[in-house]
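What follows is one structure encoded as structure tokens, with my remarks underneath.
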Amino acid sequence: MKLKDRIDGLKLKTKIICLVVLVVMTSLLFSDWMIALNMERSITREMTSKAEVVSAMLAQAEWVRDGLEGKRPLETLQILAEKNRVASRVEYIVIIDMDGIRKTHPDRSKIGFRFIGGDDASVYNGETYTSIAEGTLGGAVRAFTPVYGTNGKQVGAVVVGILLSDVDIALERIRSFIYLGVLLGLF
């Protein structure tokens, strides 16, 4: 028996119920997709904004400026950067000089080496911006802010990063609620 014959043999009431279930299921799945897409954009914007705020705040900090001008030991700079990283709940705070050499990094073995990612060129020209790039810790949303010395000349930059895996974890938590809503809606 062909599908068309099976459908023709169903009662009108059954056909209407099947059609309603199909329409509701399609609507719920489309809504799920739209909500997930919107939440992904929202979470990425939120994480980017957080990185920008932390980066801008640290670029104004006296201890950062003093460290880049050589008025404060680099070990103190590293300790303060780590305290701020933990307090602000970002993945990394990297302070770099005008040659792109890291003065701080969560992985101390990276200190003294060139910043990685290829997205740092504009910060040396005084630009403040964000990017998404692959660094030594993985793909991340990164906020770049120049740091100016006491004489007004740029002495380096602050880079704050939030790993994309953190964004994915937040999205997965939200998606599980969305999926639960779809299942309840289908039920």
Side-chain angles (χ1 to χ4, degrees), residues 38-177:
N38 187 43
M39 291 307 296
E40 181 177 358
R41 288 181 183 152
S42 178
I43 289 170
T44 302
R45 265 193 313 268
E46 182 182 320
M47 298 275 192
T48 300
S49 178
K50 179 180 180 177
E52 288 171 337
V53 167
V54 173
S55 182
M57 179 189 70
L58 291 174
Q60 299 297 316
E62 184 179 330
W63 61 269
V64 172
R65 182 188 65 232
D66 288 351
L68 286 169
E69 289 182 323
K71 297 176 185 173
R72 190 179 286 260
L74 289 181
E75 182 58 30
T76 303
L77 199 63
Q78 174 66 21
I79 291 167
L80 291 170
E82 278 301 293
K83 282 183 179 180
N84 279 274
R85 181 188 70 77
V86 170
S88 59
R89 295 183 179 157
V90 295
E91 194 62 39
Y92 58 84
I93 293 172
V94 178
I95 299 171
I96 52 178
D97 65 16
M98 290 302 288
D99 295 320
I101 304 301
R102 297 183 198 114
K103 301 300 181 183
T104 68
H105 195 280
D107 178 353
R108 289 176 179 263
S109 68
K110 309 286 188 215
I111 296 172
F113 294 98
R114 181 108 174 70
F115 186 79
I116 299 211
D119 55 343
D120 57 323
S122 296
V123 78
Y124 306 116
N125 297 322
E127 286 186 45
T128 298
Y129 59 96
T130 59
S131 73
I132 294 178
E134 189 77 24
T136 58
L137 298 175
V141 173
R142 297 151 48 125
F144 293 81
T145 307
V147 176
Y148 295 94
T150 50
N151 63 1
K153 184 178 176 187
Q154 186 176 352
V155 293
V158 174
V159 184
V160 173
I162 298 174
L163 292 182
L164 293 176
S165 60
D166 293 345
V167 174
D168 291 339
I169 289 167
L171 279 173
E172 283 306 312
R173 273 191 233 128
I174 288 169
R175 280 191 184 122
S176 57
F177 285 113

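All heavy atoms count here, side chains included; hydrogens, waters and symmetry mates do not.
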Nearest 0.5 angstrom please: [X] [atom1] to [Y] [atom2], how far?
| X | Y | atom1 | atom2 | answer |
| --- | --- | --- | --- | --- |
| D119 | I132 | CG | CD1 | 10.5 Å |
| E69 | N151 | CD | CG | 6.5 Å |
| L163 | Y92 | CG | OH | 6.5 Å |
| T104 | Q78 | OG1 | CD | 5.5 Å |
| N38 | R41 | CG | CZ | 7.5 Å |
| I96 | H105 | CD1 | NE2 | 11.0 Å |

Measure from the side-chain N and O atoms of [X] to the backbone N and O of [Y], and report whether any donor-acceptor pair falls under 3.5 Å.
| X | Y | value |
| --- | --- | --- |
| Q154 | V123 | yes |
| D99 | I101 | no |
| T48 | T44 | yes |
| S55 | V158 | yes |

Please give me the minimum heavy-atom distance between [X] and [Y], naming the atom from each residue.
| X | Y | answer |
| --- | --- | --- |
| V90 | I93 | CG2-CG1, 3.9 Å |
| P146 | A59 | O-CB, 3.5 Å |
| R65 | V147 | CA-CG1, 4.1 Å |
| G100 | Y124 | CA-OH, 3.0 Å |
| I162 | K50 | CD1-CD, 4.0 Å |
| N125 | A121 | ND2-O, 3.8 Å |

Please check if the number of heavy atoms outside F113 that lie under 6.0 Å from its CZ is greater than 12.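 12 or below, so no.
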Apply the test side chain to side chain contact (heavy atoms under 4.5 Å, CB included) to residues R72 and L80: give CA-CA distance (whole Å), side-chain angles for both, the deciding distance (0.1 Å), then the verdict. CA-CA 11 Å; R72 190 179 286 260; L80 291 170; 4.0 Å; yes
Heavy-atom side-chain proximity of [X] to [Y] below 4.5 angstrom:
| X | Y | result |
| --- | --- | --- |
| I116 | K110 | no |
| I95 | L68 | yes |
| R108 | E75 | yes |
| L58 | W63 | yes |

What do the steps show when you test R114 against D120 for side chain to side chain contact (heavy atoms under 4.5 Å, CB included), and what is the final call? CA-CA 11 Å; R114 181 108 174 70; D120 57 323; 3.2 Å; yes
Parallel, tilted or perpendicular: which fits the ring planes of F144 and F115, with parallel below 30° and perpendicular above 60°?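 Correct class here is perpendicular.
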